Structure formats: C-alpha cells, structure tokens
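Written below as structure tokens is the structure these notes are about.
Predicted, not measured: the structure shown is a model, and the values here were computed from it.
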Amino acid sequence: MTLWHDPIDQQIAERPDALAILDSVGTEWCYADLDRAIADVETVLTGQGLKRGQRVLLLAENCAAAVAVLFACSRQGVAVIPVNARQTAAEVERVKNHAEPALILATTAVSQNAMDHAARLGGTKITGAFGALHMCQTEGGDADTPEDVAVLLYTTGTTGTPKGVMITHDNLVFAGQAAQTFRALGPGHRVYGVAPISHVIGLASMLTATLTAGATAGLEGRVAAERVLNALRDGLLDPAAGPPVDALLMQNVRARGVGEVGRDALVNGPPGGAPV
C-alpha cells in the first residue's frame, strides 16, 4: 500500500527548496518548510497520545496550516476528517458525535468561523512551524479506523443524514496522480487552489495532485473574483475551482469591460460538474 503522504515526501526529498505552498495570509513554504510544519503537527499528535486508527477532526478553510495537519495525520496513521469551518455549530456537532474524533484542530489564523467553533469547543491556541491553530480536547474515540483509510469525508446531507465516506490512501494517491497526469502538472506550475480541501475535488484533484507533481499550491480560503483575476495575472496557471467560480469570474470581467486576462496566464481550468 502506498500511503497518501509518500508522493509528497518524495517531492520533499527531491526538491526541498522549491515553492510548495502559498496562502491568503501570506504564508510561503518551500517543500522543506512543509516538511518541518508537518513534523511539528506530528509532535502535537503524539503529545496528545493519539494512536494509529484514531481520528482528528479538522475545522478548516484552505491554508498552509491545514495542509500540515492533513499530512501529519497521514504519517501518523491517524484518519483526518476535514470539515468546512463555515458549517454551522449543529452541523459540526453532528459530524463530531458520529465520528468520535480523539482531537479537534481548527485553522483559526485564517478563519473567523473556525475561531468561533474553537471558542465554543474550549480550544486553546498552539503554535509551531505550521503557524497557529486552536486545539480542542474531546473524550476521544476508539482506535478502530481501518488502517488503509486516510480520510473521512462527510456528505452535506442534502438527500439525507450526512454520511462519512471512507477514502483510502490508495484512493488519494491514485486520484492525485490521475489529476496530475490529466492536467500535465509538474515542477514550476502554480495552481490556484480555491476548491475547499473539505471536498474531494479540493483534497484530491487540487491539493494532492499539485504536491504530487512538485508544483505550487496557491491556497485561497474564500472566493473573490478580483483575487482570482490577480492570481491569474501573477502567474497562478491552473485555477482548480469549479463552475460557480468560473461564472463569478466571467460576470466580474463582463461588468468591468475587461477584454482578456492575458493568454499566457492560464494553462487549463478543470470545471467539475454543474447544471447547464
């Protein structure tokens, strides 16, 4: 079994000085910085006594610290549950009660919603090479997650009670490599990551594919048409978003009378699915 973090660790070893992560609060990590941040989160997990097979709930919006948490959990054999911090308290509680995480981490440095959840859950601030997070204690869950499961993603509950979907290490490695190949990503590419990592598209087709390729993930927590345009002009070549972002961008460009963004700015823009 190839573990989710294995292709990323390979990039860390091969190109430690290459730019890995940019985020909306100004974080810039090379692959060596990413490695140090992951290691510091691992120290947090072991310090809390987490065991292989337990689970960590990550209340997040896209940012560098969230990436460190994801791959620290992978290295430690702990399943991670990424939840969009913009979900309501009731929605978060439903996932928490069902998944029984041993620990909750929140990306409070980039998200007021995450801060609100952390305050409600009695979180304390922790810092390290990952930046700053809030850690919330729980009563702990059993170490009974199957060893091949890397991530639990909860559905929104649109058609019923939210369900935890078990995504294996092999699932994520395959999806990342497939997206990398399809989009011809490689070192030097810069991907605009606005798709949330709490969704499989953002997690696998954007983040995993980008780092598997040794490319740069420019992570955006919230969509704004002006920031998308600026990112394209600054050379973020591959906006991994979706039809709503494409529509927002076209509306903004049309309203401002902009003729073109710049032909060299965009390599491809995978759209996902949407009604037509």
CD of E100 to CG of D142: how many Å apart, nearest 0.5 Å?
6.5 Å
Consider only side-chain heavy atoms of I, L, V, M, F, W and Y, link residues closer than 4.5 Å, and tell whether V95 and I104 are in one cluster.
yes
Flag yes if I38 and I81 sit in one hydrophobic cluster, no otherwise; membership is Ile, Leu, Val, Met, Phe, Trp, Tyr, and two members link when side-chain heavy atoms are under 4.5 Å apart.
no
If you look at every heavy atom in H98 and Y154, which pair is closest and at what distance?
ND1-OH, 2.6 Å
Within the distance-only criterion (no hydrogens, no angle test), does the side chain of H117 pair as donor or acceptor with the backbone N or O of A114 below 3.5 angstrom?
no
Answer whether the closest heavy-atom distance between the side chains of P196 and N84 falls below 4.5 Å.
yes
Checking Q137 against Q48: is there a side-chain donor and acceptor pair closer than 3.5 Å?
yes
To the nearest 0.5 angstrom, please state how far the CD atom of Q10 sits from the OG1 atom of T2.
10.5 Å
To the nearest 0.5 angstrom, please state how far the CG atom of L121 sits from the CG atom of L59.
7.0 Å
Is there a side-chain contact between M166 and L152 (heavy atoms, below 4.5 Å)?
yes
Residues R190 and L22: closest non-hydrogen pair is NH2-CD1, 3.0 Å
Same cluster or not: are L70 and L57 linked, directly or through other Ile, Leu, Val, Met, Phe, Trp or Tyr residues, by side-chain heavy atoms under 4.5 angstrom apart?
no
Just verifying a value: how many Å separate Q180 CD and S205 OG, rounded to the nearest 0.5 Å?
12.0 Å
Would you say L219 and T27 make side-chain contact, with heavy atoms under 4.5 Å?
no
For C30, is there any backbone N or O sitting under 3.5 Å from a side-chain donor or acceptor partner on D33?
yes
Decide yes or no for T107 and L58: does some side-chain heavy atom of the first lie under 4.5 Å from some side-chain heavy atom of the second?
yes
Is the shortest heavy-atom distance from the side chain of M1 to the side chain of D170 under 4.5 Å?
yes
Exam field: side chain N171 to backbone I167, donor-acceptor pair closer than 3.5 Å:
no
Dump the intermediate steps for side-chain contact (heavy atoms from CB on, under 4.5 Å) on L50 and L103, then the final yes or no.
CA-CA 8 Å; L50 264 70; L103 191 69; 4.2 Å; yes
Are any side-chain N or O atoms of T138 and backbone N or O atoms of A102, one a donor and one an acceptor, separated by less than 3.5 Å?
yes
Under a 4.0 Å N-O cut-off, is there an ion pair linking E91 with K96?
no
Check for a donor-acceptor pair, side chain of T155 on one end and backbone N or O of K163 on the other, with a separation under 3.5 Å.
yes
Using a 4.5 Å cut-off on heavy atoms from C-beta on, say whether the side chain of R55 contacts that of V80.
no
How about M206 and V191: do any of their side-chain heavy atoms sit closer than 4.5 Å?
yes
Is a salt bridge present between R86 and D116, judged by a nitrogen-to-oxygen distance below 4.0 Å?
no
Looking only at heavy atoms, what is the nearest atom pair of E61 and S111, with distance?
OE2-OG, 2.6 Å
For the atom pair OG1 (T216) and CG (L19), what is the distance rounded to the nearest 0.5 Å?
4.0 Å
Taking every heavy atom of R52 against every heavy atom of R75, the minimum-distance pair comes out as NH1-O, 4.1 Å
Which atom names give the shortest non-hydrogen contact between A129 and W29, and what distance separates them?
O-CZ2, 3.5 Å
Take V151 and L172 through the side-chain contact (heavy atoms from CB on, under 4.5 Å) test and state the conclusion after the steps.
CA-CA 9 Å; V151 173; L172 288 163; 3.7 Å; yes
Is there a donor-acceptor pair closer than 3.5 Å between any side-chain N or O of D35 and the backbone N or O of A32?
no
L3, I8: one ILVMFWY side-chain cluster at the under-4.5 Å cut-off?
no
Could you point out which residue of L211, D9, V41 forms a side-chain contact (heavy atoms from CB on, under 4.5 Å) with F71?
L211
Could you see if V173 belongs to whatever hydrophobic cluster contains I197? Use Ile, Leu, Val, Met, Phe, Trp, Tyr and a side-chain cutoff under 4.5 Å.
no
Which value, rounded to the nearest 0.5 Å, describes the distance between R94 atom CZ and Q87 atom CD?
9.0 Å
Determine the minimum heavy-atom distance between G193 and N62, stating which atoms define it.
O-ND2, 3.1 Å
Is the side chain of Q54 donor-acceptor paired with the backbone N or O of G141 at a distance under 3.5 Å, no angle test?
yes
Give the intermediate values and the outcome of side-chain contact (heavy atoms from CB on, under 4.5 Å) for residues T212 and T210.
CA-CA 6 Å; T212 295; T210 301; over 6 Å; no
More than 12 heavy atoms of other residues, nucleotides or ligands under 6.0 Å from CD of E147: yes or no?
no
Given side chains that start at C-beta, do those of E220 and Y192 come closer than 4.5 Å, heavy atoms only?
yes
Between W4 and T208, does a side-chain contact (heavy atoms from CB on, under 4.5 Å) hold up when you go through it step by step?
CA-CA 8 Å; W4 183 24; T208 304; 3.1 Å; yes
